[in-house]
Protein chains: 2
Amino acid sequence: MAKRVSHKDSMCGVARPLDAIGDWWSLLIVRDAFDGSRRFGEFQRSLGLAKNILSARLRNLLAHGIMETVPAADGPYQEYVLTEKGRGLFPLLVALRQWGEDFFFAPDEAHVLLVDKKSGLPVRRLELRAQDGRVLGAEDTVVRLPPTLAGGEKRPKRATKC
Amino acid sequence: MAKRVSHKDSMCGVARPLDAIGDWWSLLIVRDAFDGSRRFGEFQRSLGLAKNILSARLRNLLAHGIMETVPAADGPYQEYVLTEKGRGLFPLLVALRQWGEDFFFAPDEAHVLLVDKKSGLPVRRLELRAQDGRVLGAEDTVVRLPPTLAGGEKRPKRATKC
DNA sequence: CGTCTTGGTTGCAACTTGAAACCACCGTGT
DNA sequence: ACACGGTGGTTTCAAGTTGCAACCAAGACG
């Protein structure tokens with residue numbers, strides 16, 4: 001999965017994460033983990049994927065520090081739990097879910113949605129804001145290097161936006 | 001890519017989007033489109049992927065209504081532009097980028113970041129809020145069915161969270 | 001002792017990926 | 001008219017990935 005990248009040091013801020021979770025199953029595993037799954041069998045039943053694939057994906061998530069194993073209380077087993085880094089995926093998962101809700105369901109089609117546990121009301125839409133609070137769209141932003149930029153740095157030969 | 005799903009009607013709100021953009025390249029193509037790429041050759045040079053793959057991915061994005069083609073002004077060519085649905089991916093891309101910035105770069109490692117065009121300042125962090133404005137974490141939310149829930153609906157045999 | 005559950009690994013066929021070659025069409029130069 | 005380079009692909013084929021199914025092993029259970 002990671003081997004199409006010859007030089008991961010030059011990967012930009014979008015590509016690097018994709019190297020870690022850029023396949024169908026990994027994100028679903030993480031979502032299940034957020035929903036409380038911890039055991040190999042739980043993930044397998046919930047997602048319905050082959051055991052070897054789950055095994056490989058969990059190994060990959062462990063290797064990327066997105067999940068970690070802790071000994072289970074009820075036997076010689078392990079449980080898989082999200083690390084800090086893994087929990088950091090929560091906004092991404094919400095973004096994915098909201099996009100799905102917007103564009104992948106017929107208006108009359110029933111589907112689950114994300115609600116605030118305390119009030120029981122649906123959550124607000126994610127929105128990107130500037131420091132001063134303005135809501136920003138794609139056209140209001142650019143990617144730029146940070147202010148410090150000495151002259152002696154090696155430039156990439158292919159001029160990518162990375 | 002889409003054929004591991006035997007019954008896409010039962011796919012939940014996270015899985016459906018993944019069916020459309022759940023591979024390495026598609027999201028990078030969308031990101032490049034946000035950054036202004038429009039032509040086949042632009043995407044190819046910018047991403048450095050094989051032409052057949054780009055061809056397939058663009059076809060897939062077109063089929064999912066994420067991009068559409070418009071005739072180019074400078075010849076018999078086509079340009080690929082994001083649809084409304086495609087532009088809806090902006091928050092997801094931001095979430096991915098912010099996660100990448102947080103966890104995939106050494107603290108001293110220079111990298112581009114997303115800035116507000118108008119002020120030149122970095123954008124704020126995405127945060128999920130409840131209707132009343134409280135910031136919500138993963139543990140403050142659940143997925144639930146909407147209020148209307150008649151009795152006669154067919155239940156899936158495998159009890160997933162979908 | 002046998003067998004059930006949990007958590008895997010291994011073998012193998014089918015599918016996908018990707019580098020490179022090929023193709024077609026247009027505009028330009030000569 | 002005719003070669004030529006740029007653009008936008010498709011085809012070919014080898015190598016890698018996926019996923020079903022079978023197998024394995026260790027502890028719990030009757």
Side-chain angles (χ1 to χ4, degrees), chain A residues 1-8 11 15 18-29 32-33 36-64 67-81 158-159, chain B residues 1-8 11 15 18-29 32-33 36-64 67-81 158-159:
Chain A
M1 175 206 319
K3 38 205 64 61
R4 35 198 139 172
V5 177
S6 50
H7 49 344
K8 83 180 299 176
M11 288 170 66
L18 284 175
D19 193 43
I21 49 147
D23 76 290
W24 220 81
W25 290 117
S26 297
L27 255 191
L28 289 176
I29 293 171
D32 265 29
S37 292
R38 306 166 64 90
R39 297 287 278 261
F40 188 95
E42 279 184 287
F43 291 114
Q44 210 230 321
R45 268 187 306 282
S46 162
L47 297 170
L49 81 177
K51 298 206 287 185
N52 54 347
I53 305 295
L54 176 57
S55 191
R57 291 296 172 275
L58 285 173
R59 250 197 311 273
N60 186 52
L61 291 170
L62 295 176
H64 277 95
M67 304 190 82
E68 62 190 348
T69 50
V70 299
D74 68 331
Y77 309 131
Q78 298 182 94
E79 303 197 327
Y80 296 87
V81 300
R158 285 196 302 110
Chain B
M1 175 207 319
K3 39 203 64 61
R4 37 198 136 170
V5 177
S6 49
H7 49 344
K8 83 180 301 176
M11 289 170 67
L18 284 174
D19 192 43
I21 48 146
D23 76 289
W24 219 82
W25 291 117
S26 298
L27 255 191
L28 289 177
I29 292 170
D32 264 30
S37 292
R38 306 166 64 90
R39 297 286 279 260
F40 187 96
E42 279 185 287
F43 291 114
Q44 209 229 319
R45 268 187 307 281
S46 162
L47 297 171
L49 82 175
K51 299 207 284 182
N52 52 349
I53 306 296
L54 176 55
S55 191
R57 290 297 173 275
L58 285 174
R59 247 195 315 271
N60 186 52
L61 291 170
L62 294 176
H64 277 95
M67 304 190 83
E68 63 190 346
T69 50
V70 299
D74 68 330
Y77 310 130
Q78 298 183 94
E79 302 197 328
Y80 297 86
V81 300
R158 285 196 302 111

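Convention: sequence-line order gives letters A, B, ...; per-chain numbering from 1.
In this structure a side-chain-to-backbone donor-acceptor pair under 3.5 Å is missing from Glu79(A) to Pro71(A).
Nearest approach of Glu68(A) to Leu62(A), heavy atoms of both residues: CA-CD2, 3.5 Å. Of all non-hydrogen atoms in Ala20(A) and Asn60(A), the two that sit nearest each other are O-ND2, 3.4 Å.
Listed nucleotides: dG11(C), dG8(D), dA22(D). Nearest to the side chain of Asn52(A): dG11(C). Side-chain proximity of Pro76(A) to dG8(D), dG27(D), dT9(C): nearest is dG27(D). Listed candidates were dG7(C), dA19(C), dG8(D). Nearest to the side chain of Tyr77(B) is dG8(D).
Of the two residues near DNA chain D, Gly75(A) and Ala50(A), the one whose nearest nucleotide lies more 5' is Ala50(A).
Rounded to a whole Å, the CG atom of Leu54(B) is 16 Å from the C1' atom of dA20(C). For the pair Arg57(A) CZ and dT17(D) P, the interatomic distance rounds to 10 Å; values are reported in whole Å. In this structure, the CZ atom of Phe40(A) is 8 Å from the P atom of dG7(C), given to the nearest Å. Spacing between atom CZ of Arg45(B) and atom P of dG9(D) amounts to 13 Å, rounded to whole angstrom units. Straight-line distance from the CG atom of Asp74(A) to the P atom of dG27(D): 14 Å, rounded to whole Å. Rounding to whole angstrom units, CD1 of residue Ile53(B) and C1' of dT12(D) are separated by 13 Å. Put simply, CG on Asp23(A) is 16 Å from C1' on dC15(C), counting in whole angstrom units. The distance from atom CD of Gln44(B) to atom P of dA20(C) is 12 Å, rounded to the nearest whole Å.
Put simply, Tyr80(A) has no side-chain N or O that comes within less than 4.0 Å of OP1 or OP2 on dT6(C). Contact check, Trp25(B) against dG18(C): a side-chain N or O comes under 4.0 Å of OP1 or OP2. Remark: Arg59(A) is not in phosphate contact with dG7(C), judged by side-chain N or O atoms under 4.0 Å from OP1 or OP2. Put simply, Arg39(B) has a side-chain N or O that comes within less than 4.0 Å of OP1 or OP2 on dG8(D). Using a 4.0 Å cut-off, some side-chain N or O of Ser55(A) falls inside it from OP1 or OP2 of dT9(C).
Two residues are said to be in side-chain contact when any heavy atoms from C-beta on lie closer than 4.5 Å; Thr69(A) and Leu58(A) fail this criterion.
Using a 4.0 Å heavy-atom criterion, one finds that Phe43(B) contacts no nucleic acid atom at all.
Ring geometry for Tyr80(A) against Phe40(A) counts as tilted: the plane angle lies between 30° and 60°, on a 0 to 90° scale.
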